[in-house]
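Below, chain A is the first sequence line, B the second, and so on; all start at residue 1.
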There are 2 protein chains.
Amino acid sequence: MSEPHCHHAQSPREVASLVETCIDQLRARGLRRSRGLDALLQHMAAHHHPATLADLARVDSLAGLDQATIYRLVMKLESAGLVRRRGLHDRATYFQLVVPGHHHDYLVCTVCGRIEDIELSCPVEPLEREVMARSGYTHVYHELGFFGICPECARHAASVS
Amino acid sequence: MSEPHCHHAQSPREVASLVETCIDQLRARGLRRSRGLDALLQHMAAHHHPATLADLARVDSLAGLDQATIYRLVMKLESAGLVRRRGLHDRATYFQLVVPGHHHDYLVCTVCGRIEDIELSCPVEPLEREVMARSGYTHVYHELGFFGICPECARHAASVS
DNA sequence: ATACATGCAAACATTTTGCTTTGGC
DNA sequence: GCCAAAGCAAAATGTTTGCATGTAT
């Protein structure tokens, strides 16, 4: 939990316990502990950076897993509330494992699409309660993203014009 | 997709002036004042609710405009910084006109996809400066969305289980 | 033995591009 | 007349489903 950069790998013990917790919840929903599920959770627990289905299919430990299989697994994880989707202005959808106590905000370059993890004391959490109260929605969470032009793309644009 | 219902209803005069401002900027970039551009801006200035390309193509005043044409217009508007895209966990991308001084946050049902406009004193604006300073990014803006289950879907789910 | 999981291929939805014709300047 | 815009159709990209087979329980 003291890891500053959450997309960095966590200790093997933390990853293992996260995976077990997930699998327990999934088995209660009738899922089986299959090769694919295990590999996918293992990866997503170790790297909770947003990933598209194509990203996941490219991961070594998931190689050989069909993208349709990954798709179906991710959908099941999402239904179980273990994974959330996220739009980052890319044509593809990004997914990431929900890790209790972890919240991520991102900074995305609107030119090259680069996605950076940013640390900030997010002032939005307290608002979730207000939003739930006012709207009657349940299971509310928020998503905050910053968009702008990265220094590299800015330099490039300057040299072009 | 919910019908545009904007809390900042604009007077015809405001809409017209917004459209003129946009067209001036676009002409400076070499765009011509065409039927399509005029109709699209007119609509987007009057309804700044997020809309997909398909949404736009369905609008009466834009009927007859090919979706590829709308696509190209929207891309040009985006390049000019007059339109921003927005992901709302739908498969399609949403677009909306940038109106100076207006900022919108949305509440989206993760079950039915309904999109509601929510008013809140957004505490994120001050952070934009901090993000720019720390990252070196320019033209930074943010996007805040809340996701949850709407009362109707919650009721439905309860009656199913 | 019974489902759920997987791979493969096909269907779908959306975005993007090419090319020809039309229209603004 | 020149170059941008529009229309049409096709290609590209990403998501979703059907079906036959493999595998966990």
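Atom CZ of A:Arg91 and atom P of D:dG14 are 6 Å apart (whole Å). D:dA6 atom P lies 14 Å from atom CE of B:Met75, rounded to whole Å. Atom CG in A:Asp55 sits about 10 Å away from atom P in D:dT15, given to the nearest Å. Residue A:Leu88 contributes atom CG, which lies 15 Å from atom P of D:dG14 at whole-angstrom precision. The nearest whole Å value for the distance from the CD atom in B:Gln67 to the C1' atom in D:dG7 is 13 Å. B:Leu26 places its CG atom 13 Å from the C1' atom of D:dA4, with the value rounded to the nearest Å.
Within 6.0 Å of NE2 on A:His103 lie more than 12 heavy atoms contributed by other residues, nucleotides or ligands. Within 6.0 Å of atom CD in A:Glu130, more than 12 heavy atoms from other residues, nucleotides or ligands are found, so the atom counts as buried in its surroundings. Counting heavy atoms of neighbouring residues, nucleotides and ligands inside a 6.0 Å radius, atom CD of B:Glu125 exceeds 12 of them.
Under 4.0 Å is where a charged nitrogen must lie from a carboxylate oxygen, and between A:Glu20 and A:Arg27 no such pair does.
For DNA chain C, the outermost nucleotides in 5' to 3' order that have an atom under 4.0 Å from a heavy atom of chain B are C:dC12 to C:dC25.
Contacts of B:His89 classified as side-chain hydrogen bond (donor to acceptor under 3.5 Å, both in side chains), with partners at least two apart in sequence or in another chain: A:Glu143.
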**Fill in**
Reading nucleotides 17-25 of chain D from 5' to 3' and marking B where a protein heavy atom lies under 4.0 Å of the base, S where only the sugar-phosphate is that close, and - otherwise, the string is BBB----BS

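Comparing the axis of the opening five pairs of the helix from C:dA1-D:dT25 to C:dC25-D:dG1 with that of the closing five pairs yields an angle of 30°, rounded to 10°.
Between A:Tyr141 and B:Phe147, the ring planes lie parallel to each other; the angle is under 30°, not in the 30° to 60° tilted range.
Of all the heavy atoms in A:Cys150 and A:Cys109, the pair that sits closest is N-SG, 3.4 Å.
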List the atom pairs, with distances to 0.1 Å, where a side-chain N or O of residues 69-84 of chain A and a protein N or O form a donor-acceptor pair under 3.5 Å, not counting sequence neighbours.
unit_1	atom_1	unit_2	atom_2	d
A:Glu78	OE1	A:Arg85	NH2	3.0
A:Glu78	OE2	A:Arg85	NE	2.9
A:Ser79	OG	A:Met75	O	3.0

Hey, can you pull the donor-acceptor pairs under 3.5 Å for the side chains in residues 50-60 of chain A, sequence neighbours left out?
unit_1	atom_1	unit_2	atom_2	d
A:Thr52	OG1	A:Ala54	N	3.4
A:Thr52	OG1	A:Asp55	N	3.0
A:Thr52	OG1	A:Asp55	OD1	3.3
A:Thr52	OG1	A:Asp55	OD2	3.2
A:Asp55	OD1	A:Arg58	NH2	2.8
A:Asp55	OD2	A:Thr52	N	2.9

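For the OP1/OP2 pair of D:dA4 and a distance below 4.0 Å, the side-chain nitrogens and oxygens of B:Lys76 include no atom meeting the criterion. Residue A:Thr93 places at least one side-chain N or O under 4.0 Å from the OP1 or OP2 atom of D:dT15.
Position along DNA chain C of the nearest nucleotide to B:Ala54 versus A:Leu73 favours A:Leu73 as the more 5'-ward residue.
Counting heavy atoms from C-beta on, the side chains of B:Arg29 and B:Gln25 never come closer than 4.5 Å. Between A:His142 and A:Cys122 the shortest side-chain heavy-atom distance falls below 4.5 Å.
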